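None of these values were measured; they are calculated from a predicted model.
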Amino acid sequence: MTTGAQLLVEALQTHGVERAFCVPGESYLAVLDALYDVRDQLELVVCRQEGGACYMAEAHGKLTGKPGICFVTRGPGATNASIAVHTAYQDSTPLILFIGQVGNDFVEREAFQEIDYRRMFGPMAKWVAQIDRADRVPEFISHAFQIATSGRPGPVVLALPEDMLTEEVMNAARPSAYKAVQASASVEDIEQMLEMLGAAKQPLLILGGSGWTTEGCGTVRQFAERSSLPVACAFRSQDLFDNRHPCYVGDIGIGINPKLAQRVKGADVLLVIGARLDEMTTNGYTLVTAPCPVQQLIHVHAGADELGKVFQAELLINSGMPQFSRAIRDKVVDGTAWRDWTTDARSDYEKWTLPQSNVGPVQVAQIIRSLEGLVPADTIITNGAGNYSAWVHRFYRYTGLGTQLAPKNGSMGYGVPSAVAAKLAYPQRVVISFSGDGCFLMNGQELATACQYQANVIFIVVNNGMYGTIRLHQERNFPERVWGTDLVNPDFAAYARAFGAHGELVTKTDDFIPALERCMNMGKPSLIEIQIDPNALTHQASMMELRQRALSALGRTATLAVNDQETA
């Protein structure tokens, strides 16, 4: 006789799970008890809030390509975790969220913390289900792994009624491990793609999406190299191609290099592999016009539903990334006609990434660029969302797959938990987490998790005392009417020390490198607070410049300096 909870844990092991993240709850106590029996084979990482726990699972899935596993309790636990489910959906990350649920004898009575998860998670998950019978646990778990990893990867949500977890069954099925299913490009698809590229004068290759492997990225790099193709990466997918390579020409997303934006518009053939061509990657659907692009579009994507969804393409190829890369392994296109186009685009990128000065005693671009000479090439850089991240994306050069962890759905609070998950997955690699002051405190409590599990991350908090992205839009649209964006912050270095981590404060550029070196040699989690001038709002313009431009458009002039705004 085996309980539903024991069958669940056994199925996780069958499917290769070695680590799960959770916040414990009484609704799935039986699962916790079953996990106790395999504590030496399946690590359970106990977190401080369900949003942080599920972010860690999502980051694990993004890094490894295998579904991240998270357990939360019903009601408030599930709603807290929903932020990471949304991230996994828009970022195409394999994730399985297990939610404790009220017993079947209480269902549909609005029992304590009861929610219908099919309705709650339906629009943001690939599949949502409830396992009502213990004997069907192996079937549901196998289905969950298949769906999370096949086609366009994404999240699955399974509700676990409390009484089902303790129900006993005899001779339950024991399925074998899942096998992800992906489509492959046909010979005809590849021949047509090569023909279209061969006729091009100004082609551009854009990489994005999920489901990539190191081998697949390497094969695409060799194809671009042999063909002299310029390569750009979609929003927060910069690690799909070595940014130091002469074919790399930049990232396409928020704060895009204007010259690269013009190249996207001016390309005669766009070969888009893996990217959805969403709002961020198309700059609000302006770089590529919907539904009929000016450019000839070749769109390769793992999800058949994504092809033709927004843009009509000359060639649609339904294929997983490893499968597509194998199909072009020995292919080459004569790049003589566009070699100068690629060289010029690379030159534009190199000029764009030269450190730019900002107001104040801390030069953020200079700090970001200095990391290249201080940390190993395989360092994992994580961040959440906010203006600070634009400095990271523009001035740091990612070296290859798995060196960037960032939410494509623009979710704040991601930087801290994702870094903890990355360090647990790859303890020998350096992991650096970037957060703004607003972003950090959305999951700053997971410093406790980092300390508990000795995940020696270096957390960097860029502190400007405000919700910077929203202030940016305020200054552009409602100048001199600042409201709801100022923050009063703790001493972040002291906050870190309170958890048992090491804390540093940087108030001028020259302080950073010594602080980083101390953190790297500390042997425990560390935090560096970088205090920047509030006027240094973005990597492209100061707050006063933004305000003055907005006021000029309204026929007015500024009446207050930025630092006087608090007393207005």
Within the 6.0 Å centroid threshold, strictly below: F98 and Y28:
no

Would you mind reporting whether I432 and L371 have side-chain heavy atoms less than 4.5 Å apart?
yes

Practice item. May I ask you to check whether over 12 heavy atoms, not counting those of Q454, lie within 6.0 Å of atom CD? Key: no

message: Quick one, E350 with S347, criterion side-chain hydrogen bond (donor to acceptor under 3.5 Å, both in side chains). Give me CA distance, side-chain angles, the key distance, then yes/no.
response: CA-CA 5 Å; E350 290 177 344; S347 178; 5.5 Å; no

(Q) As a quick check of understanding, evaluate side chain to side chain contact (heavy atoms under 4.5 Å, CB included) for R48 and V23, giving each step before the final call. (A) CA-CA 7 Å; R48 297 309 177 98; V23 173; over 6 Å; no

Check: Do R481 and F478 meet the cation-pi criteria used here (NZ or CZ under 6.0 Å from the six-membered ring centre, within 45° of the axis)?
Finding: no

Do S411 and Y55 meet the criterion of a side-chain donor-acceptor pair at a distance under 3.5 Å?
yes

Exercise. Do D511 and K508 meet the salt-bridge criterion of a basic N to acidic O distance under 4.0 Å?
Worked result: yes

- request: In plain terms, say whether E480 and R556 are close enough for a salt bridge, that is, a side-chain N and a carboxylate O under 4.0 Å apart.
  value: yes

Can you check whether N463 reaches I530 side chain to side chain, under 4.5 Å on heavy atoms?
no

Ion pair R276/E306, N-O distance below 4.0 Å
yes

Open item on the list: Checking side-chain polar atoms at under 3.5 Å, does Q474 have a donor or acceptor matched by the opposite partner on T485?
Closed with: yes

Should we say atom NZ of K126 is surrounded by more than 12 heavy atoms from elsewhere, each under 6.0 Å from it?
yes

- Task: Go through T538 and N387 one step at a time and tell me if the side-chain hydrogen bond (donor to acceptor under 3.5 Å, both in side chains) criterion holds.
- Result: CA-CA 6 Å; T538 78; N387 279 359; over 6 Å; no

| task | Report the C-alpha distance between R244 and T399 in whole Å, list the side-chain angles of each, state the deciding distance to 0.1 Å, and finish with yes or no for side-chain hydrogen bond (donor to acceptor under 3.5 Å, both in side chains). | result | CA-CA 7 Å; R244 303 165 299 179; T399 60; 4.8 Å; no

Inset, instruction - For the pair T379 and T403, evaluate side chain to side chain contact (heavy atoms under 4.5 Å, CB included) and give the outcome as yes or no after the intermediate values. - result: CA-CA 6 Å; T379 295; T403 58; over 6 Å; no

Here the gap from M543 atom CE to L472 atom CG, rounded to the nearest 0.5 Å, amounts to 9.0 Å

Checklist entry - Parallel under 30°, tilted from 30 to 60°, perpendicular over 60°: which one fits the rings of F241 and Y248? => result parallel

Per side chain to side chain donor-acceptor pair (under 3.5 Å), S92 is matched among R152, K62, K408 by R152

So, do F440 and F492 have ring centers that fall under 6.0 Å from each other? yes

Are any of the side-chain nitrogens in R263 or D348 under 4.0 Å away from the carboxylate oxygens of its partner?
-> yes

